[in-house]
Amino acid sequence: MSTQVKHYIDGEFVNGSGSKQINVTNPANNETIAFINCATQPEVERAIASAKEAFKSWKEVAVSERARVMLRYQHLLKEHHDELATILAQETGKTFEDAKGDVWRGIEVAEHACNIASLLMGETVENVARSIDTYSYTQPLGVCAGITPFNFPAMIPLWMFPLAIACGNTFVLKPSEQDPMTPQRLVELFEQAGAPKGVLQLVHGDKAAVDVLLSHPDIKAISFVGSVGVGQYIYKTGTDNLKRVQAFAGAKNHCVIMPDANKQQVINNLVGASVGAAGQRCMALSVAVFVGAAKEWIPELKEALSKVRPGLWDDKEAGYGPLISPAAKERVLKLIAEGKAEGAECLLDGSDCTVPGYESGNWVGPTMFDKVTTDMSIYKEEIFGPVLCCMEAESLEDAIELVNASPYGNGTSIFTASGAAARKYQHEIEVGQVGINVPIPVPLPFFSFTGWKGSFYGDQHAYGKQAVRFYTETKTITSRWFESDIASGPNMTIALK
Ligand code: NAD
């Protein structure tokens, strides 16, 4: 019998009364391992009301006490690291080590939230006019909401609620319905860390639950991570309802390979960054642009990719796991077929891949196309599968022009031995996160996750100082204390003197 994943509403773990049931499956064989009853509108509204009530007292809790909840939480997450990674691996199919990485990158944000007091510090200037001082405070917004994707069920919820809550807000999390078990465990541990009732709420469901959050007047800010179409919808609807929104969306990340780069490093890095996690990473390198003679390395890259084999989450030899669902597999296979039909050269075809004993799983083997052009659907669309598209450019300038013409701007990297080439690339490229001889340049939490263009809608990004700005308002105070009675009459101008 499969287990029922619980909502966490008003400090209680509950089954939910919704009639719509969604199964959580093991992507290696598509057997049901758990299920959710989608939250009904009244249930989501109850979660929001409870979060609103909790905000009244949580915002008054001393900042160092809020930080202590985060200190206990990051400690608990570390204690339960393997357990969380096991749950995560079972519902996503990720290999155990990759699942541990997913959890770890989230723990790092919880660690950062322990430093909330200094992150909240405002600014002061004494004597802005005679005897007048100006200073600013950052204050929480109220109830914030997070809507998260399937591909990082630990890291991405942890990008959001620890910092939002440390800032003094309360939070409603609506994680992906495809892997809700990991978020449930994250929430249980948060309760165990001593977070007061109502500060964090968890509701499961799909579009219907999201729509309640998007339109509810008591939700002040929305953080979203997911696909482009849904991201645009969330941004437009949320801002239409006059909410603050940050929406992180899809990507198509290019890697530029200069002929002076270290060949073996390029090959090792490209293999992991293109097909790792079955290519289901928003920072996966899905396009390799070989400049000049670097194209001669394509056969060796193909050789290295062909040795990677997908497998079960607990198979130590597996390079990556299955795709999340049969629908995801079908989409990837359709794109591979389109790539062939549109004239790309398929050097490695993983369409017909299986794992013995798990034939019904969502397997796709490493796939590599050469001679890809910008008009092909495999170039234009985010494939979100283990598929690498290779292209050629005559010069660094041509490569930069190609990358800058992409509507996406999440991540990119350049492999080179030339400081001048790297400097030119980092300066001219219109992408928010750039790696120099680093394949997946996801910034640590003291920076922010800064996707650009069609990969992000909003202005303040995830975690780091930008997240603290996103989850707070600034209040600026101008103050004068009179030492003695002022003899002069009314000041009729706007100037401070
Ligand atoms: P998705 O857009 O299908 O789902 C994301 C969330 O939105 C889920 O919680 C889902 O329930 C909800 N949702 C789905 N359809 C909706 C609708 N019509 N209306 C309202 N809500 C809806 O994304 P996914 O497939 O879970 O995740 C993969 C996508 O996420 C990829 O495109 C990937 O690039 C992107 N992603 C981006 C980043 C980033 O930082 N830019 C990070 C991770 C993933």
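Side chains are part of it too, since the values below use all heavy atoms of this structure and drop only hydrogens, waters and symmetry mates. Ligands are counted one by one from 1 in listed order, and the atoms in each one are counted from 1 as well.
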Under 4.0 Å to a heavy atom of [X] - the qualifying atoms of ligand 1, by number:
| X | answer |
| --- | --- |
| Lys174 | 8 (C), 9 (O), 10 (C), 11 (O) |
| Phe248 | 39 (C), 40 (O), 41 (N) |
| Phe224 | 2 (O), 5 (C), 6 (C), 7 (O) |
| Ile147 | 6 (C), 7 (O), 9 (O) |
| Gly250 | 32 (O), 34 (O) |
| Ile156 | 42 (C), 43 (C) |
| Ser176 | 9 (O) |
| Val210 | 20 (C), 21 (N) |

Identify the closest protein heavy atom to [atom]: which residue and atom is it, and at what distance?
| atom | result |
| --- | --- |
| atom 16 (C) of ligand 1 | Val230 CG1, 3.6 Å |
| atom 1 (P) of ligand 1 | Ser227 OG, 3.6 Å |
| atom 36 (N) of ligand 1 | Cys282 CB, 3.6 Å |
| atom 27 (O) of ligand 1 | Pro149 CB, 3.2 Å |
| atom 6 (C) of ligand 1 | Thr148 O, 3.5 Å |
| atom 40 (O) of ligand 1 | Phe449 CE2, 3.1 Å |

Geometric N/O contact [X] with ligand 1, under 3.5 angstrom:
| X | answer |
| --- | --- |
| Phe150 | yes |
| Lys207 | no |
| Asn151 | no |

Is the contact between [X] and ligand 1 made by the side chain, the backbone, both, or neither, using heavy atoms and a 4.0 Å cut-off?
| X | answer |
| --- | --- |
| Trp159 | side chain |
| Glu177 | side chain |
| Tyr233 | side chain |
| Asn410 | side chain |
| Glu382 | side chain |
| Phe384 | side chain |
| Val225 | both |

Heavy atom of protein inside 4.0 Å of atom 4 (O) of ligand 1, strictly below: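 No; the ligand atom in question lacks any protein heavy-atom contact below 4.0 Å.
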Under-4.0 Å salt bridge between Lys371 and Glu342: no
Check ion pair Lys236-Asp240 (N to O, under 4.0 angstrom): no
Minimum heavy-atom distance [X]-[Y], with the two atoms named:
| X | Y | value |
| --- | --- | --- |
| Cys389 | Ile383 | SG-CD1, 4.4 Å |
| Ile267 | Ala304 | CG2-CB, 3.5 Å |
| Tyr235 | Ala247 | CB-CB, 4.3 Å |

Side-chain touch Val468/Tyr463, heavy atoms, less than 4.5 angstrom: no
Note, Phe470 side chain near Cys144 side chain (heavy atom, < 4.5 Å):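 SC-SC contact between Phe470 and Cys144 ruled out.
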Options Gly226, Ala249, Gly205, Gly451, ranked by nearest heavy atom to atom 41 (N) of ligand 1, top entry: Ala249
Residue pairs fulfilling side chain to side chain donor-acceptor pair (under 3.5 Å) with at least one residue in residues 6-23, sequence neighbours excluded: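 Those involving residues 6-23 are Lys6-Asn15, Tyr8-Glu191, Asp10-Ser50, Ser17-Glu43, Lys20-Asp206, Gln21-Asn23.
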Worked verdict on Asn437 versus Gln265 for side-chain hydrogen bond (donor to acceptor under 3.5 Å, both in side chains): CA-CA 8 Å; Asn437 299 316; Gln265 279 171 4; over 6 Å; no
Sidechain-backbone polar pair: Asp179 side chain, Thr92 backbone, donor-acceptor under 3.5 Å: no
Candidate pair His254 and Tyr379, rule ring pair (Phe, Tyr, Trp, His ring centres under 6.0 Å), full reasoning: CA-CA 10 Å; His254 298 69; Tyr379 180 77; 5.5 Å; yes
Residues which pass side-chain contact (heavy atoms from CB on, under 4.5 Å) with Phe456, listed by chain and number, not counting sequence neighbours: Gln246, Phe248, His461
Aromatic ring pairing Phe161/Phe190, orientation class (parallel under 30°, perpendicular over 60°, tilted between): perpendicular
Phe384 and Phe150 aromatic ring geometry - parallel, tilted or perpendicular at 30°/60° bounds: perpendicular
Donor-acceptor side-chain pairing of Thr138 and Tyr471 below 3.5 angstrom: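 Short answer, no.
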